[in-house]
2 protein chains.
Amino acid sequence: MIKIENLSRHYQMGPTTVKAIDDLSLKISAGEFVSIVGPSGSGKSTLMNIIGCLDSPSSGKYTLAGEEVAGLSRDRLAEIRNKYIGFVFQSFNLLGRESAVENVELPLIYAGIPPKERRERAMEILKRVELQGREFHQPNELSGGQRQRVAIARALAVNPKILLADEPTGALDTKTGEQIMELFRELQSEGVTLIMVTHDPDVAAQAKRVVQVRDGKIVVDLPVGEW
Amino acid sequence: MIKIENLSRHYQMGPTTVKAIDDLSLKISAGEFVSIVGPSGSGKSTLMNIIGCLDSPSSGKYTLAGEEVAGLSRDRLAEIRNKYIGFVFQSFNLLGRESAVENVELPLIYAGIPPKERRERAMEILKRVELQGREFHQPNELSGGQRQRVAIARALAVNPKILLADEPTGALDTKTGEQIMELFRELQSEGVTLIMVTHDPDVAAQAKRVVQVRDGKIVVDLPVGEW
Ligand SMILES: Nc1ncnc2c1ncn2[C@@H]1O[C@H](COP(=O)(O)OP(=O)(O)OP(=O)(O)O)[C@@H](O)[C@H]1O
Ligand SMILES: Nc1ncnc2c1ncn2[C@@H]1O[C@H](COP(=O)(O)OP(=O)(O)OP(=O)(O)O)[C@@H](O)[C@H]1O
Ligand SMILES: [Mg+2]
Ligand SMILES: [Mg+2]
């Protein structure tokens, strides 16, 4: 499903080259549940952005469901991002002037869902992440953990085949975090491919496989039982 | 040092009143180390903003080091915020177009520190949070945990008497989080009053006292050994 070969992503900063990802190879099959862990600054979000077709590598190859991503048209890329991939960003990336429900409706608009259905779906998924009563608040009228849950709801709105979640429980108390993990496990059992970056070892341990990153490289890749 | 009596903070949203803080009373002495815990949306950040003189209550009284905050002049409030309080925001609040070191220098500019000393102090504290090599990156050229550490460095730059840290390790891996807690304990031993919101029970347990919030009220307030 996801095949990454000898991937590198670097940034040029004057005379210095920052190697965010350094000759990394990785294969993830459809329906897998993978945790990505590693120190702050080790390249996890950069890797997620490339998997999610939001960024391109400096070198190496990324093949998604048999298609080489570098060769895809802009329209095809947009279609993949909007219909098949749900992305929970580490810093949420909500639209500040839109309410929670409007933020969640955004991917549904791109997917061509009509207004009445869109609103019902968005309200339903906000209820699912326990945000009833907060649907018409804007991000600055929400707590940190509430914003995180809007970001999660937006990622799930289109029923994605691949869910990329970058620190999805970082701003949540243990109980709320467990409710989100419960929801993720449910999706997983329905066949969704789930790739989750987390700093919480308890959350990481709920996956079936753990990939550990350091300095842009994979240092460990094991079934969770052996991690 | 910090005396809060019957504090309430509500938001009017059309016909609905959101009670972010609901008749809350709390006393914190100089030099204490307090964790504030509770579910997402329970009022922790709202409480921190009021303690940090960044927001005013709707009713009730807040006395800081003997001065009633509601009665203070704008100049005196600004002086207190700039010289005595260091605030690590839950969403970092960095200036996007400034480098890490420029972000950290900002409170030093307000404190009237001359340029050469400011730059030395900012570089030193960035090194202390393990960001050497990233001082001239802007926030969008940093990872989530690196941005969090810039926010921490900025809060510590002026050697504050009171450190208010809202989820200071939320974006950090365990090891980096422990390094930050090590730094906080050091400041604590030097007499800094430390009030920390955290969702991580292991981090909360490092304080000397735990205050648990729910629906804008304090439900538990205990020495950590009894929590
Ligand atoms: N635009 C950029 N320019 C230069 N360097 C960058 C840029 N974006 C990221 N980096 C660097 O690339 C490295 C990897 O960043 P990345 O965001 O992938 O880390 P991460 O593993 O997600 O960290 P965290 O756990 O703190 O979120 C970091 O050291 C960061 O400073
Ligand atoms: N400007 C606002 N207008 C309306 N409601 C608000 C506003 N700001 C905050 N709230 C509400 O007040 C409540 C408390 O928010 P607060 O940010 O203090 O929670 P918190 O305990 O810090 O949560 P978290 O752990 O998720 O960060 C939340 O239910 C939130 O929706
Ligand atoms: Mg990251
Ligand atoms: Mg908060």
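Computed from heavy atoms alone, side chains included, the values below leave out hydrogens, waters and symmetry copies. The sequence lines fix the lettering, A, B, ..., with proteins before strands; numbering per chain opens at 1.
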Answer yes or no: is there a side-chain heavy-atom contact under 4.5 Å between B/Ser40 and A/Glu130? no
Is atom [atom1] of [X] surrounded by more than 12 heavy atoms (other residues, nucleotides or ligands) closer than 6.0 Å?
X: A/Lys217; atom1: NZ; value: yes
X: B/Asp215; atom1: CG; value: no
X: B/Arg119; atom1: CZ; value: yes
X: A/Asn6; atom1: CG; value: yes
X: A/Tyr110; atom1: OH; value: no

Engaged part of A/Ser91 at the chain B interface, taking heavy atoms whose separation is under 4.5 Å: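 It is the side chain, since no backbone atom gets that close.
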Which atoms of A/Gln148 approach chain B - backbone, side chain, both or neither, heavy atom under 4.5 Å: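 It is neither, since no heavy atom gets under 4.5 Å.
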Intermediate values then yes/no, side chain to side chain contact (heavy atoms under 4.5 Å, CB included), B/Val18 and A/Arg134: CA-CA 10 Å; B/Val18 176; A/Arg134 293 289 180 274; 3.6 Å; yes
Minimal non-hydrogen separation, B/Gln90 against A/Ala171, with atom names: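 Residues B/Gln90 and A/Ala171, closest heavy atoms: NE2-CB, 4.3 Å.
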Heaviest contributor of heavy-atom pairs below 4.5 Å to chain B, chosen from A/Thr174, A/Thr176, A/Leu172, is A/Leu172
Within this structure, what is the CG-NZ distance for the pair B/Asp173 and A/Lys44, rounded to the nearest 0.5 Å?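 Atom-to-atom, B/Asp173:CG and A/Lys44:NZ are 6.5 Å apart.
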